[in-house]
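Both ligands and their constituent atoms are indexed starting at 1 by order of listing.
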Amino acid sequence: MNRILEFCLVRILPLLPLRNGNKCKVSFYGIIGDCPALKLILEFIGHTGYYSCFYCYIHDVHVGGRGGKRQYYHENNIKLRHEQRYELESIRAIESSNNIYGHLGRSLLHDLLDIPLPHSIIVDYLHVSLLRHTRCILQQIYAKLSPAKRIILDQRLRSQKFPHFFNRKIRAVSDFSFIKATELKNLLLYALIPHMLYFLPKEQLAHLASYIIHGKKCFDDNTSSMSKELFLKYYQDHSVHYDDLQNLVLHLRLHFNQLFDNHGSLCYLGTFGQEDLIGAIGKSHHGTRFHGQLIAYHYEIDFALRNKTPLNRASSIENIDGPLDEVNETSDMLQDVTQHHRMICNCNKPEQLTSLSVYGEHD
Ligand SMILES: [Zn+2]
């Protein structure tokens, strides 16, 4: 990787010659990746060492035991890293050959990136949130269920139907060793809460819902502040519902609002988009030949999310209906719901049907 970066520094910067004779200035915006990759390129200590957060000086606590080597408990006054001190500390790490607040050396990215470190570091939602923390908490919930309930939960997850354009179904928790991030995303965003209604107490269910942090209102201008507020609540109460899972990946999520404010859509376009684009680096295998189309595809999603007509806040607050999304109900929709209810239930109370029960849980 260093040889690639050296090539970039020597051969490309500052001007890239084009075929038509013009020269193009290339700017390197930032670095995105999962924690092991970032640790290497940034010459930083890993999650098993002290001061391993790229953005702040949180001091993790060694607790020992299986799965609980280091814990990052919630703190109110976290001190963020400053760009100048970030580089100075990395130089001190080289001079002293010691871990200086997480630095083990000076990263080549200091000379390459146009945005100074640590502001140009973007942690990968796909790995940090989905493949790590989501999987860990679900496996712990699963382990605490009785064997009979585990079988029921697995059966329900396996039989969950999705529209065909989701491409992937969701897996049972017992098959999590082979789960893909896309499957975890579908489970987390669409199916987890309805399925967990029967297995978790309502306090834990509400706590889990605050982690999921999704919904219509999350896409307006208050996305980052709303998400942080919900996440802080989740973080503070984490030890009430889970054992020794306050690890680095949970803590990094605390900085997601800052990433969203600084980088906008780049902080999530880089996740599923980059998986599509890069394929397996180790095998020099590219995921696709259609790089341009994929970039356009993910930007179109972002554009669609941000280009919505602003809601009339006064009227939308009046119409809030608890856990249900706001929809413009039509008589056709109500007929569909009633008909669907008759197919799956004999209770003859379609008016009590909620959006969650429509999703396959009202039986
Ligand atoms: Zn931090």
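No salt bridge links Glu43 with Arg106; every basic N to acidic carboxylate O contact stays at or beyond 4.0 Å. A salt bridge does not link Lys39 with Asp34: every distance from a Lys NZ or Arg NE/NH1/NH2 to an Asp or Glu carboxylate oxygen is 4.0 Å or more.
No close placement of the Phe256 and Phe231 rings is indicated, their centers lying 6.0 Å or farther apart. Taking the six-membered ring wherever Trp is involved, the centroid distance between the rings of Tyr211 and His133 falls below 6.0 Å.
Using cut-offs of 30° and 60° for the angle between ring planes, the Tyr242 and His238 rings count as tilted. Relative orientation of the His103 and Tyr86 rings is perpendicular, given thresholds of 30° and 60° on the angle between their planes.
Only protein N, O or S atoms were scored, and 4 of them lie under 2.8 Å from the Zn ion (ligand 1).
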